[in-house]
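One structure is given here, and the rest of the page talks about it.
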Amino acid sequence: MIYEWSKFFRSGHFGFSIIKNDYNQNDVIDKKKIKEQPIVKVDYSKFEKRINLISTPTLEGVWSDGTYKVGIIKTVDGYSGFIINADKTSWTPNQLKFLINNNKEKADLWMKDFSKRENQKVDIIGNNLINIGNVLYLKRLSRTYEDTQEIKDYIKFLYAGNKSYFQILSGKTAYIRIPAFDLDYKKQIDSAIAANSANIEKTENLIIDVRYNDGGADTSYEKLIPFLYTNPIRTVGLQHLSTPLNNEVMLGLSKNENFDEEHQKAYEEAYETLNNNLGKFVSLSDEIVKVKKLDKVLPFPKNIAILINNGNASTTEQFLLAAKQSKKVKLFGTTTSGALHISNMSDVVSPDGNFELRYGRSKSYRIPEMAIDDKCIQPDYYLDNSITNKQWMEYVRKIMEE
């Protein structure tokens, strides 16, 4: 209830949650909800034998996300997903976990605490993966079916975890997937770029895929900038709210080995500056706007497409604001999430250890003239629903090569 109420004021870069490891889940989940959860009447042994005989792929089968093992069976109302096994949760066999409608486009989904989310988008990826509302990702356990090469590539690109991925798509186009800008992945991102920079610099077109990349640290995209650079890049600065708790974050960053000595020293100096100005909003730079100039413009790639969607927020949106200033770059996809001008997230645990608050420590000088929060970044090329997610990459490649 606190979380939903607070969303009235800020939809992004804010969170309030129960720390699940420090409480008995059954003490906080409404027992009435558990008892009233619909039951799917099915004989599992018979169900399993029947689905193993199905030769043409349907949604019916046994699926898992690692926590929930569920069966999907066709019913009058659509496709019912029922619990087979869900260890370490309050869910019991045969309870209804989700209901996908007959046209397979929307679903009602019950969360871990038995709260209901209605009309969640259903994305069926080939024959063996289902994404419900970007919350529940199910992989088919039985029986499995062969997928096309297009589907296999799509899964490889978007569902291979947080590891960056590079591939030459054709003689004219290269592709790089950056699933996360988290600081912990910076070295891995830098390595992937360095290992493939020679190929990128001799290829006419480059597709940078950041779909579902919800941010991290600005330094994680530094190595991408030289490829898209055409003219000085202007970045509007921000102010940090100086408090003892907030400033401890800077001290921690000054000791983080993911940064080089130059960055560590800068964070140490920032910590000292903030501590000398407690209770104030403090700019850590003498310039409200920083201008980044590079020595040269690379001849290749000539054209860069960045794939974006509503899973993009925070640092990823900061990257897009920089990229949009390049004459080489166009954004393809849908609007982003819109969570940027209140930034630099912190996590803090309540004194009793039962709750966690996520909040932003800084505010951008862009507001109110260039607000991103709740307004989002628009694509240059809108990819509408008639172009499915798995078709985006090939669709954009063809546009770039025409």
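When reading the values below, keep in mind they use all heavy atoms of this one structure, side chains included, and skip hydrogens, waters and symmetry mates. Bear in mind the structure is a predicted one, so any value in this text is a computation, not a measurement. In this chain, residues are counted from 1 in sequence order.
Taking CD1 of I208 as the start and OH of Y175 as the end, the distance is 11.0 Å to the nearest 0.5 Å. For the atom pair CG of L109 and CG of N119, the computed distance is 11.5 Å after rounding to the nearest 0.5 Å.
At least one donor-acceptor pair under 3.5 Å links the side chain of D147 to the backbone N or O of N127. Between the R361 side chain and the M345 main chain, a donor and an acceptor come within less than 3.5 Å of each other. Side chain of N231 to main chain of Q325: a donor-acceptor pair is present (N/O by atom type, distance under 3.5 Å, no hydrogens or angles). Between the side chain of D380 and the main chain of L331, a donor-acceptor pair closer than 3.5 Å is present. With hydrogens and angles disregarded, no donor-acceptor distance shorter than 3.5 Å links the side chain of N310 to the backbone of T334. Side-chain atoms of S362 do not come within 3.5 Å of backbone N or O of H240 as any donor-acceptor pair. The backbone N or O of S314 sits less than 3.5 Å from a side-chain atom of E317, completing a donor-acceptor pair.
Considering only heavy atoms from C-beta on, N94 stays 4.5 Å or farther from T92 through its side chain. In this structure, the side chains of I39 and Q95 come closer than 4.5 Å at one or more pairs of heavy atoms. In this structure, N246 and V249 have side chains that are not in contact, with every pair of non-hydrogen atoms separated by 4.5 Å or more.
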Worksheet item: Do L206 and K328 pass the side-chain contact (heavy atoms from CB on, under 4.5 Å) test, and can you show the C-alpha distance, the side-chain angles, and the key distance before you say yes or no?
Response: CA-CA 10 Å; L206 175 64; K328 295 182 178 184; over 6 Å; no

Worksheet item: Would L241 and F281 count as a side-chain contact (heavy atoms from CB on, under 4.5 Å) if you check the C-alpha gap in whole Å, the side-chain angles of each, and the deciding distance to 0.1 Å?
Response: CA-CA 4 Å; L241 178 59; F281 276 100; 3.8 Å; yes

Worksheet item: After noting the C-alpha distance and the side-chain angles of E287 and R234, does the key distance pass the salt bridge (Lys or Arg N to Asp or Glu O under 4.0 Å) rule?
Response: CA-CA 11 Å; E287 302 171 316; R234 297 173 63 85; over 6 Å; no

Worksheet entry | Check against side-chain contact (heavy atoms from CB on, under 4.5 Å), L321 and I372 | CA-CA 10 Å; L321 289 181; I372 301 299; 4.3 Å; yes

Practice prompt. Mind running salt bridge (Lys or Arg N to Asp or Glu O under 4.0 Å) on R397 and E394 for me, showing each step along the way?
Written response: CA-CA 5 Å; R397 183 189 69 80; E394 184 63 14; 2.5 Å; yes

Worksheet entry | Working for salt bridge (Lys or Arg N to Asp or Glu O under 4.0 Å), residues D153 and K156 | CA-CA 5 Å; D153 287 343; K156 180 169 57 179; 3.6 Å; yes

Worksheet item: How far apart are the C-alpha atoms of R177 and D209, what are their side-chain angles, what is the distance that settles it, and do they pass the salt bridge (Lys or Arg N to Asp or Glu O under 4.0 Å) test?
Response: CA-CA 5 Å; R177 165 75 177 149; D209 191 345; 3.3 Å; yes

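Side-chain contact, H13 with S343: no donor N or O sits under 3.5 Å from an acceptor N or O. A donor-acceptor pair shorter than 3.5 Å can be found between the side chains of N247 and S242. Defined by atom type and a distance below 3.5 Å, a donor-acceptor pair is missing between the side-chain atoms of D77 and T75. For E401 and T173, the side-chain atoms include at least one donor-acceptor pair closer than 3.5 Å. A donor-acceptor contact under 3.5 angstrom links the side chains of T315 and D218, judged on distance only.
For D384, the CG atom sits in a packed shell: over 12 heavy atoms of surrounding residues, nucleotides or ligands are nearer than 6.0 Å. In the displayed structure, R117 atom CZ is contacted under 6.0 Å by at most 12 heavy atoms of other residues, nucleotides or ligands.
Applying the side-chain contact (heavy atoms from CB on, under 4.5 Å) test to I168 and every residue at least two apart in sequence or in another chain returns F166, A174, N199, T203.
Only one option out of R50, K74, K104 pairs with E60 in a salt bridge (Lys or Arg N to Asp or Glu O under 4.0 Å); it is R50.
If you look at W91 and F114, their ring centroids are closer than 6.0 Å.
Taking the six-membered ring for Trp and thresholds of 30 and 60 degrees, Y44 and F47 have ring planes inclined between 30 and 60 degrees apart.
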